[in-house]
Q: 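Sharing a structure with you now.
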Amino acid sequence: MKKVFGVFGDPVEHSLSPVMHNAAFSELGMDNVYHAFRIRKDSLKEALIGAGAMGFGGVNITVPLKQEALKIVTADPLAARIGAINTVDFEDKNKIWGYNTDGLGAKHALSDAGVDIDGRKIMVLGAGGAARAISFQFANDGAELIIANRTENKAIELAEDVRSIGDARGTRISNLKELIADSDILINTTTVGMHPYTDNTIVTGDQMHPELVVFDIVYNPLETRLLKEAKSAGATSINGLMMFVYQGAEAFKIWTGVYPPIETMKNAVMEELKG
Ligand code: ATR
């Protein structure tokens, strides 16, 4: 019988996950369907239990439900540390399992672009859910992190948490030029620059240097203002497309045991972004 998969979020109608996962199912000849479900935070528990009861193959969790979902499921140790999940698996009939594949998505995106992590100095902008996933992943991979956030406390708390496995310090967003001069990689994990506010950026080209790698996890638009600034400074720029694809691929593997076709997923998302 056809298995149902989905993404739970609110709003979720513009999610690119359905087109990406359905392309992979189709390419692999798997008779499954992936759909977007708008779920209010106060119905999330019922929705997850219901999805399990109805025999869903798996779901992704997106904004603003990732933290709330963690409280409902049995989280794997990495997701518990991060404090948020993006993937739910229903295979175990006694427990609903939650995972976070965002960090692995970011790791594979940088690795695809030929960027090493071990021993590198990384500046992370933001201290929300995405920043937490990325910071734990890269600290684990041997990077030295500076986490800079508009709300300084959140950066300091995240750095403290990350220090249980690696090297990190937290700060507010100031003295960016000096901090970036000392960094190899700059990662924007905030929503600044995302459609429709595409003129916004936290960092400008005059604060960058040519040896810098600038990775923006935003993928709509593909070339954010931050990445345009990176180009103007002669820095290397990496957009958020492959992180999105790889976080989805890792979820797909958790659900099906099969690693999906990356090119197919990437092309499906690109087509949709072109409109
Ligand atoms: P996500 O789960 O996608 O990471 P989030 O948890 O809401 O989303 O976190 C959003 C991050 O973007 C936060 O670090 C937020 O900074 P604050 O902690 O100060 O709120 C950051 N952010 C959002 N809008 C911003 C802006 N205009 N300037 C700077 N940082 C911003």
Side-chain angles (χ1 to χ4, degrees), residues 7-12 14-17 39 41 44 60-73 75 78-88 98-107 109 122-139 145-162 168-177 179-180 186-204 207 214-221 224-227 229 239-241 243-244 246-248 251:
V7 54
F8 290 0
D10 183 17
V12 77
H14 297 299
S15 170
L16 296 171
S17 290
I39 307 288
K41 212 179 254 185
L44 181 61
N60 284 126
I61 305 290
T62 189
V63 183
L65 307 173
K66 291 182 176 186
Q67 274 102 336
E68 190 64 25
L70 177 84
K71 299 180 198 157
I72 298 165
V73 303
L78 174 65
R81 246 188 185 146
I82 292 168
I85 61 165
N86 74 336
T87 301
V88 174
Y99 302 88
N100 194 313
T101 66
D102 284 336
L104 270 184
K107 176 183 170 139
I122 301 184
M123 176 155 177
V124 175
L125 291 172
R132 292 188 66 86
I134 287 173
S135 297
F136 276 104
Q137 181 70 48
F138 290 155
L145 302 179
I146 295 179
I147 300 161
N149 194 45
R150 179 176 60 182
T151 311
E152 186 180 18
N153 266 351
K154 276 172 68 183
I156 290 173
E157 277 169 29
L158 173 53
E160 238 170 68
D161 290 350
V162 169
R169 74 183 171 92
T171 179
R172 67 198 160 91
I173 296 180
S174 68
N175 289 335
L176 285 182
K177 188 163 183 170
L179 293 176
I180 293 169
L186 173 71
I187 307 179
N188 174 49
T189 71
T190 76
T191 48
V192 175
M194 193 188 281
H195 183 78
Y197 304 107
T198 53
D199 273 347
N200 296 349
T201 184
I202 295 174
V203 183
T204 48
Q207 296 168 310
V214 181
F215 174 36
D216 197 335
I217 74 163
V218 171
Y219 55 85
N220 189 11
T224 57
R225 164 90 190 275
L226 176 71
L227 295 187
E229 296 283 338
N239 66 39
L241 174 66
M243 173 174 165
F244 177 66
Y246 281 118
Q247 63 75 34

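Note that ligands are numbered from 1 as they come in the structure, with each ligand's atoms numbered from 1 the same way. These numbers come from a predicted model, not from an experiment.
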Q: Find all atoms of ligand 1 within a distance of less than 4.0 Å from any non-hydrogen atom belonging to A127, and give their numbers and elements.
A: 14 (O)
Q: K154 versus ligand 1: do any nitrogen or oxygen atoms come within less than 3.5 Å of each other?
A: yes
Q: Looking only at N/O atoms, are V63 and ligand 1 under 3.5 Å apart anywhere?
A: no
Q: Give a yes or no answer on whether the side chain of T189 reaches the backbone of L125 with a donor-acceptor pair at less than 3.5 Å.
A: yes
Q: Around atom 2 (O) of ligand 1, find the nearest protein heavy atom and jot down its residue, atom name and distance.
A: G129 N, 3.3 Å
Q: For the backbone of D199 and the side chain of R225, can you confirm whether one donor and one acceptor N or O come within less than 3.5 Å of each other?
A: yes
Q: Looking only at distances, please establish whether an N/O atom of ligand 1 is found under 3.5 Å from an N/O atom of N149.
A: yes
Q: Stepwise, does the side chain to side chain contact (heavy atoms under 4.5 Å, CB included) test hold for F215 with V124?
A: CA-CA 10 Å; F215 174 36; V124 175; over 6 Å; no
Q: Tell me: protein heavy atom nearest atom 5 (P) of ligand 1, and distance?
A: G128 CA, 4.0 Å
Q: Could you tell me whether the side chain of N86 and the main chain of N60 form a donor-acceptor pair under 3.5 Å?
A: no
Q: For A131, is at least one N or O under 3.5 Å away from an N or O on ligand 1?
A: no
Q: Using distance alone, determine whether T151 and ligand 1 share an N or O pair under 3.5 Å.
A: yes
Q: Between R150 and ligand 1, which part of the residue brings a heavy atom under 4.0 Å of the ligand: side chain, backbone, both or neither?
A: both
Q: Of the protein's non-hydrogen atoms, which lies at the shortest distance from atom 21 (C) of ligand 1, and what is that distance?
A: T190 CG2, 3.6 Å
Q: Whether the side chain of T151 engages the backbone of N153 through a donor-acceptor N/O pair (distance < 3.5 Å, no angle test) should be reported.
A: no
Q: Would the distance check show the side chain of R132 and the main-chain N or O of I82 forming a donor-acceptor pair, the cut-off being under 3.5 Å?
A: yes
Q: Would G126 count as a polar contact of ligand 1, with the cut-off being nitrogen or oxygen pairs under 3.5 Å?
A: no
Q: Which of the numbered atoms in ligand 1 are under 4.0 angstrom from any heavy atom belonging to A130?
A: 1 (P), 2 (O), 4 (O)
Q: So do the side chains of N100 and L78 get within less than 4.5 Å of each other, counting heavy atoms only?
A: no
Q: Before giving the answer on side chain to side chain contact (heavy atoms under 4.5 Å, CB included), spell out for D102 and K66 the whole-Å C-alpha distance, their side-chain angles and the decisive distance to 0.1 Å.
A: CA-CA 11 Å; D102 284 336; K66 291 182 176 186; 2.9 Å; yes
Q: Does atom 10 (C) of ligand 1 have any protein heavy atom closer than 4.0 Å?
A: no
Q: Show the atoms of ligand 1 that are less than 4.0 angstrom away from any heavy atom in I202.
A: 29 (C)
Q: Got a donor-acceptor contact below 3.5 angstrom from the N149 side chain to the A127 backbone?
A: yes
Q: Would you say atom 7 (O) of ligand 1 touches the protein, meaning some protein heavy atom is under 4.0 Å from it?
A: no
Q: Keeping E68 on the side-chain end and L65 on the backbone end, is there a donor-acceptor pair under 3.5 Å?
A: no
